[in-house]
Amino acid sequence: MASLSSAISSTPGHTLSPNAIAHDDKPRKLCYSHCPTFLLPPHRSPIFRRGFVSGLERKRTLKTRIYASVTVDTPVNASPEKVQFPKGDSWSVHKFGGTCVGSSERIKNVAKIILSDDSERKFVVVSAMSKVTDMMYDLIYKAQSRDETYLSALDVVLEKHKCTALDLLDGDDLSSFLAQLHHDISNLKAMLRAIYIAGHATESFTEFVVGHGELWSAQMLSCVIRKNGVDCNWMDTREVLIVNPTSSNQVDPDFKASEDRLEKWYSKNPSKTIIATGFIASTPQNIPTTLKRDGSDFSAAIMGALFKARQVTIWTDVDGVYSADPRKVSEAVILKTLSYQEAWEMSYFGANVLHPRTIIPVMRYDIPIIIRNIFNLAAPGTKICRSTEDETAQGLESFVKGFATIDNLALVNVEGTGMAGVPGTASAIFSAVKDVGANVIMISQASSEHSVCFAVPEKEVNAVSELLQSRFREALNAGRLSQVQVIPNCSILATVGQKMASTPGVSATLFNALAKANINVRAIAQGCSEYNITVVVKREDCIRALRAVHSRFYHSRTTIAMGIIGPGLIGATLLDQLRDQTTTLKEEFNIDLRVMGITGSRTMLLSEAGVDLSRWRELQKEKGVVADMEKFVQHVHGNHFIPNTVLVDCTADSSIASHYYDWLRKGIHVVTPNKKANSGPLDQYLKLRALQRQSYTHYFYEATVGAGLPIINTLQGLLETGDKILRIEGIFSGTLSYIFNNFTGGRTFSEVVAEAKQAGYTEPDPRDDLSGTDVCRKVIILARESGLKLELSDIPVESLVPEPLKDSASAEEFMQKLPQFDQEMSKKRQIAEDAGGVLRYVGVVDMVNQKGEVKLQKYKNDHPFAQLSGADNIIAFTTTRYKDQPLIVRGPGAGAEVTAGGVFSDLLRLASYLGAPS
């Protein structure tokens with residue numbers, strides 16, 4: 001059986017006496033007395049050793065007596081003759097991760113890339129095959145847990161590499177590699193057996209075991225390169241790379257010692273192509289260690305610095321560094337360049353770039369790092385270097401490079417008036433945090449020194465809070481400190497860009513985007529270098545915040561997710577208008593309106609990327625599901641990568657209008673031609689408007705009064721500029737405008753109503769128009785907008801439906817009986833004509849007398865209201881500025897095209913408010 005001593009002998013700097021292993025049938029002892037300290041369990045006394053040995057004697061499981069007589073290699077400077085060690089631009093360093101060498105086919109692909117590199121000299125760092133490092137850690141875990149399946153798990157590791165080698169190699173290379181592989185596996189088996197018996201693995205044991213994956217992948221790749229006729233050597237970097245472990249589970253490279261060893265190694269193994277192990281290294285005492293997780297990237301950077309290489313290329317399975325996590329922001333873009341500082345900041349905040357320490361070695365010599373995709377060689381990747389000047393870059397996206405987030409954090413807020421001006425308070429706070437061993441992610445302090453807040457991982461916050469409460473109990477009891485507050489469920493959003501420091505307006509744009517997405521910022525931190533602006537937000541808001549700022553800086557200045565409710569006449573017309581205008585809005589106005597869902601009363605159509613508006617009708621039939629308003633709103637607002645959401649209610653349904661308050665409260669904008677909300681109960685209206693004014697959520701309803709005419713906008717403009725409304729009077733119904741414009745000469749009233757119904761101007765039941773209720777709703781909307789607190793019942797309405805016909809069973813019955821009442825309406829027309837005027841059905845808001853009314857009114861033939869034709873609307877605003885000559889708004893006020901146009905106009909107004917160019 002291969003022994004633990006064999007494993008020891010395979011480590012750099014240690015050799016075993018030829019007589020170290022004896023075989024017989026006597027009980028065996030595992031003797032630690034001369035064993036290198038890295039193989040001893042930490043903090044164990046001689047008593048432990050004796051106990052461990054007696055345990056072995058009891059089990060009598062090992063049949064090998066091990067004596068570890070250790071000698072150290074000849075010092076580096078004692079090497080004989082040296083080959084000149086070349087440095088500089090002739091070297092190109094490549095690093096291939098586990099995914100890149102995950103199978104025999106992928107290893108062949110790596111070899112092709114190396115062979116196609118026309119650099120004079122190439123140094124290649126490889127990771128273990130995909131998942132192998134995790135498998136090796138799992139072996140340690142199982143062995144120290146006394147789980148005997150570690151043996152079968154080790155067999156899986158053996159089989160994986162054996163099969164790969166059989167597919168890649170042949171002849172002597174194959175025989176040599178398989179012999180070494182079986183030798184290593186035997187050593188590992190003995191080592192794991194010792195761990196199994198002890199129930200414990202030292203850090204050095206662990207790091208020695210887990211580093212084998214890199215040894216095997218480097219040897220196989222070097223054989224494949226040689227097989228292609230290229231001179232190539234492989235390097236066990238434990239012989240070269242020297243690192244000093246630190247107290248923070250990290251290592252610091254010893255560049256001087258490593259350079260000396262590299263020169264010695266190269267003098268013995270000169271080659272223009274070197275395949276080296278990533279991840280593993282040695283301590284100054286020749287004890288095997290690792291560079292910890294993501295260590296292979298660090299290895300490549302260190303070796304690039306030692307060679308002073310032209311560049312270091314990190315090969316991965318992505319096209320480069322993204323502007324944001326593509327799993328959270330589907331439209332994240334690949335960055336062409338990043339500065340070292342930008343890459344470091346993004347790495348620190350969790351972006352999948354590089355480990356922050358990877359960048360440090362190459363920065364010393366201005367060596368660029370290229371991130372490339374081994375599966376997409378056409379992609380140029382991302383270049384990380386000293387300068388990222390881009391003369392062609394325009395706009396804020398050239399100053400803000402990327403966004404990253406950290407989740408599962410808590411804020412700790414220590415505040416009190418007794419903190420101000422008292423030296424040592426911050427020191428005492430963070431001394432307590434250090435004693436707990438918590439990691440402080442971010443610190444923010446008010447200049448008044450009244451409070452200090454900082455972010456820590458949520459799993460550590462209870463211990464931090466308890467210790468702070470204990471340390472400051474006296475100050476808390478005395479009132480010098482008011483509280484130690486914990487705010488859980490937080491996330492950090494970091495905005496990174498080297499040029500932010502010299503660009504005014506970046507911070508304003510960032511916070512404006514967050515505000516308009518209805519995101520509340522809990523804390524802010526920014527260094528004077530301005531490479532990074534960090535904000536703390538609620539965890540549930542984090543992804544929406546990330547999408548909002550990314551959309552603002554990187555894509556259309558305004559990307560809005562839309563949900564269309566009611567694809568009837570107006571809704572369908574709006575969808576067709578959006579279809580025809582989408583490309584123009586994107587290309588010329590940088591506005592991206594995406595319909596994420598369409599719902600009617602029975603079916604709804606949902607889309608993750610946006611409904612294809614060229615065939616929304618077919619899609620609704622093919623893919624429509626049962627309508628569910630709650631699911632519809634949740635989909636449009638929550639299940640996509642767009643920060644801004646608007647729901648467009650194209651119905652006349654009061655039950656839909658009753659949802660507006662909740663939608664606005666959730667940060668969903670509302671656009672509608674539906675009059676029910678603004679003309680409904682006064683208390684609900686006031687509550688809705690108060691919420692609208694208090695938040696950054698918008699509620700637009702221009703089309704509720706004049707379809708596409710700018711009536712609401714005009715009224716708001718007058719009021720906002722300080723004008724005082726005296727009277728608003730107008731013909732608000734396109735239907736009734738058409739009827740009275742054509743009720744002339746010898747024509748009867750019923751005849752004109754029938755004509756209007758036939759032409760599609762009226763509702764299916766003309767009584768809905770003739771009752772005056774629709775006009776009354778418009779009057780109440782304008783009255784409330786002007787400041788009057790009136791209910792719908794406060795407005796007297798003159799109905800044009802004859803009293804006997806109000807209860808007619810159907811529209812058809814009503815139309816049949818309406819001619820019986822023509823004479824009465826003809827009389828009113830005659831009276832008006834005799835006075836030199838005409839009849840018009842109008843609504844009035846009388847601000848002087850604080851009232852409103854809807855009535856049939858006579859107007860002189862020279863009055864603007866008498867000059868109308870067709871179905872035009874006309875509204876006159878009499879104000880203190882427009883007293884002698886009222887301000888007139890006139891135009892088509894009915895029809896699907898103009899109403900949908902009014903809604904569309906509100907959508908563009910919303911886009912403008914959210915940041916689109918005006």
Side-chain angles (χ1 to χ4, degrees), residues 246-250 345 348-350 404-495 507 510-511 514-515 518-546 665 667 694-696:
T246 69
S247 59
S248 54
N249 195 34
Q250 293 182 341
E345 293 278 0
Y348 177 79
F349 284 97
T405 58
I406 302 178
D407 294 321
N408 302 318
L409 300 176
L411 271 183
V412 179
N413 183 43
V414 183
E415 66 177 56
T417 54
M419 292 173 58
V422 178
T425 304
S427 173
I429 292 171
F430 293 109
S431 175
V433 176
K434 179 186 176 185
D435 291 345
V436 171
N439 180 30
V440 176
I441 309 294
M442 186 206 84
I443 303 170
S444 182
Q445 179 177 6
S447 58
S448 65
E449 298 184 60
H450 175 72
S451 67
V452 176
C453 77
F454 53 93
V456 296
E458 207 156 35
K459 62 184 179 182
E460 298 172 352
V461 74
N462 288 337
V464 171
S465 175
E466 288 170 8
L467 187 55
L468 287 173
Q469 296 277 1
S470 174
R471 291 273 177 94
F472 291 99
R473 182 165 287 115
E474 184 181 332
L476 287 164
N477 291 338
R480 295 193 303 276
L481 287 185
S482 57
Q483 65 175 342
V484 176
Q485 179 189 17
V486 172
I487 305 171
N489 302 318
C490 293
S491 293
I492 277 179
L493 168 63
T495 302
S507 296
L510 170 70
F511 290 110
L514 291 171
N518 211 34
I519 304 294
N520 183 42
V521 175
R522 293 189 162 185
I524 304 165
Q526 179 179 7
C528 60
S529 67
E530 261 191 278
Y531 287 149
N532 165 14
I533 302 173
T534 302
V535 298
V536 180
V537 298
K538 291 180 182 178
R539 184 187 302 161
E540 59 264 32
D541 291 339
C542 185
I543 292 179
R544 192 154 51 92
L546 177 62
R665 199 158 49 90
Q694 290 166 8
S695 69
Y696 279 89

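Source: prediction; values computed, not measured.
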Identify the two heavy atoms, one from [X] and one from [Y], that lie closest to each other, and give their separation to 0.1 Å.
X      : Y      : result
Val486 : Val461 : CG1-CG2, 3.6 Å
Ala525 : Met442 : CB-CG, 3.6 Å
Thr534 : Ile492 : CG2-CG2, 3.4 Å
Lys538 : Arg522 : CE-NH2, 3.4 Å

Rounded to the nearest 0.5 Å, how far apart are [atom1] of [X] and [atom2] of [Y]?
X      : Y      : atom1 : atom2 : result
Ser491 : Leu546 : OG    : CG    : 10.5 Å
Arg473 : Leu468 : CZ    : CG    : 11.5 Å
Cys453 : Ile524 : SG    : CD1   : 10.0 Å
Cys542 : Ile406 : SG    : CD1   : 9.5 Å

Please name all residues satisfying ring-ring contact (aromatic ring centres under 6.0 Å, His included) with Phe430, sequence neighbours left out, ordered by chain then number.
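Partners of Phe430 under the ring-ring contact (aromatic ring centres under 6.0 Å, His included) test: Phe454.
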CD (Glu540) with more than 12 external heavy atoms under 6.0 Å
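Yes, enclosed.
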Run the side chain to side chain contact (heavy atoms under 4.5 Å, CB included) test on Arg544 and Asn518 for me, step by step, so that the C-alpha distance in whole Å, both residues' side-chain angles and the decisive distance to 0.1 Å come before the verdict.
CA-CA 9 Å; Arg544 192 154 51 92; Asn518 211 34; 4.2 Å; yes
How would you list all residue pairs meeting salt bridge (charged side-chain N to carboxylate O under 4.0 Å, His left out) that involve residues 404-413, not counting sequence neighbours?
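Of all non-adjacent pairs touching residues 404-413, those that pass salt bridge (charged side-chain N to carboxylate O under 4.0 Å, His left out) are Lys328-Asp407.
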What pairs meet the salt bridge (charged side-chain N to carboxylate O under 4.0 Å, His left out) rule with one or both residues in residues 427-438, with sequence neighbours excluded?
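Counting only pairs at least two positions apart or across chains, the salt bridge (charged side-chain N to carboxylate O under 4.0 Å, His left out) contacts touching residues 427-438 are Asp435-Arg471.
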Just do the side chain to side chain contact (heavy atoms under 4.5 Å, CB included) check on Val536 and Cys490 with the steps written out, would you?
CA-CA 7 Å; Val536 180; Cys490 293; 3.8 Å; yes
Run the side chain to side chain contact (heavy atoms under 4.5 Å, CB included) test on Leu493 and Leu514 for me, step by step, so that the C-alpha distance in whole Å, both residues' side-chain angles and the decisive distance to 0.1 Å come before the verdict.
CA-CA 11 Å; Leu493 168 63; Leu514 291 171; 4.2 Å; yes
Run the side chain to side chain contact (heavy atoms under 4.5 Å, CB included) test on Glu458 and Asn489 for me, step by step, so that the C-alpha distance in whole Å, both residues' side-chain angles and the decisive distance to 0.1 Å come before the verdict.
CA-CA 8 Å; Glu458 207 156 35; Asn489 302 318; 3.5 Å; yes
Taking C-beta and beyond as the side chain, do Ser507 and Gln526 meet within less than 4.5 Å on heavy atoms?
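Yes. Closest side-chain heavy atoms under 4.5 Å.
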Sidechain-backbone polar pair: Ser482 side chain, Glu415 backbone, donor-acceptor under 3.5 Å
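Indeed, once roles are kept as given, a pair shorter than 3.5 Å links the two residues.
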